[in-house]
2 protein chains.
Amino acid sequence: MSLDLQLNRFLPYRLNILSKKVSLALATRYQERFGLSIPEWRVLATLGQEQPLSSNDIVERTAMDKAKVSRAVNRLVAAGLLDRQPHPRDQRLLRLSFSARGRDLYAQVAPEALAWEAQLLSVLTDTERAQLWALMEKLEQRVAEEIPESVPLSDSLD
Amino acid sequence: MSLDLQLNRFLPYRLNILSKKVSLALATRYQERFGLSIPEWRVLATLGQEQPLSSNDIVERTAMDKAKVSRAVNRLVAAGLLDRQPHPRDQRLLRLSFSARGRDLYAQVAPEALAWEAQLLSVLTDTERAQLWALMEKLEQRVAEEIPESVPLSDSLD
DNA sequence: CTTATAACGTTTCATTTGAAACGATAAAAC
DNA sequence: GTTTTATCGTTTCAAATGAAACGTTATAAG
């Protein structure tokens, strides 16, 4: 009655494990070397691409819920890594941007994150890397069709 | 100073999102149709392959920590889906196995999980599917080298 | 203008989390 | 045989989580 279901060959399960391992390995580095949690790191990375942003902009770009972003931003502001200013035209919005220290820190973290990723991807050839992106893209699109777009991507559905 | 880090092209981040989406889509089904959480489903799937097992066997096979397994097993026993008997030779161990109802439920859930996976994978050709497994395998092996084998795979490193 | 509705970010609160402590049993060392 | 050490599963506890409620500000409708 095994019904042919092998957990090791069940994509959702394997994907979860791979994702966890990657997150864990990287999170350990953020934490040890820079004292950053993953949500904090993601906020920084998002601001690294565009500045200033509102908290809501970050929510949209990172697939984190707004409570989590709010907390991460608060910690970063408290740590002196971000500046938080009211938006001149819309008082509901915050204008988040790097402080001098935040910019410096990011200039250190980002290259290291990229180097780590490169090291991870070094087991793949260029062709394989391209394949990986393409495959993930396809799967993500397919699975997105099943999820009501409003549903937030919670953690720990595990 | 963007440092060339694009979150959308950053593997740990994209992997996390894909994994979340897949888990969410599937978890919604388990929950709605069978009232199962993912840990509960994993316990069932593990027992579907081999029976009886101890809680610890399940911990080893699922990459879940023992507290989570303990809770999932308790819920399943309480729901009348599992039988829990003391091991005759080692009183520390539990012998977990399907109850009649558990077996019936699993006979319903498992084919559905497989069908769902098949539907997800239907966007890929056979070749692509093989590639996907191979790529994931390589990455997992590579990243495992960085993780002290003792470290458990927590959720929500996010 | 006034009222109703919507959007933003924070906070609250019940739940989930996993590391560590725990009691109980077994195995190993002496 | 006694003591020490290790293993199993549960429970405890502090921290993280996220849905919902909230206060505030802006926009739309009347």
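Because the structure is a prediction, the values reported are computed rather than measured. Below, read A as the first sequence line, B as the second, and so on, with proteins coming before strands; counting in each chain starts at 1.
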Mind listing the side-chain donor-acceptor pairs of residues 130-138 of chain A below 3.5 Å, one per line with the distance, residues two or more places apart or on another chain?
residue	atom	partner	partner atom	Å
Lys138(A)	NZ	Glu128(B)	OE1	3.3
Lys138(A)	NZ	Glu128(B)	OE2	2.8

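Going from atom NZ of Lys68(B) over to atom C1' of dT15(C) covers 13 Å, rounded to whole Å. When rounded to the nearest whole Å, the span between NE2 of His87(B) and P of dG9(D) equals 11 Å. Asp65(A) has its CG atom 8 Å from the C1' atom of dT17(D), to the nearest Å. A straight line from CD1 of Ile58(B) to P of dT7(D) spans 19 Å, rounded to a whole angstrom.
For the salt bridge (charged side-chain N to carboxylate O under 4.0 Å, His left out) test, no residue two or more places apart in sequence or in another chain qualifies with Arg95(A). For Asn8(A), the side-chain contact (heavy atoms from CB on, under 4.5 Å) partners at least two apart in sequence or on another chain are Tyr13(A), Arg14(A). Under the rule for a side-chain hydrogen bond (donor to acceptor under 3.5 Å, both in side chains), the partners of Arg92(B) that lie at least two apart in sequence or sit in another chain are Asp90(B). The ring-ring contact (aromatic ring centres under 6.0 Å, His included) check on Tyr30(B) picks up Trp41(B), with sequence neighbours excluded.
Between Arg89(A) and Arg75(A), the residue anchored closer to the 5' end of DNA chain D is Arg75(A), taking for each the nucleotide with the nearest heavy atom.
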Open item on the list: Generate the contact string for nucleotides 3-13 of chain C. Rules: B means base contact, S means sugar-phosphate contact only, - means no protein heavy atom under 4.0 Å.
Closed with: ---BBSBBBB-
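Side-chain atoms of Asp57(A) and Ser54(A) form a donor-acceptor pair, as typed in the model, at a separation below 3.5 Å.
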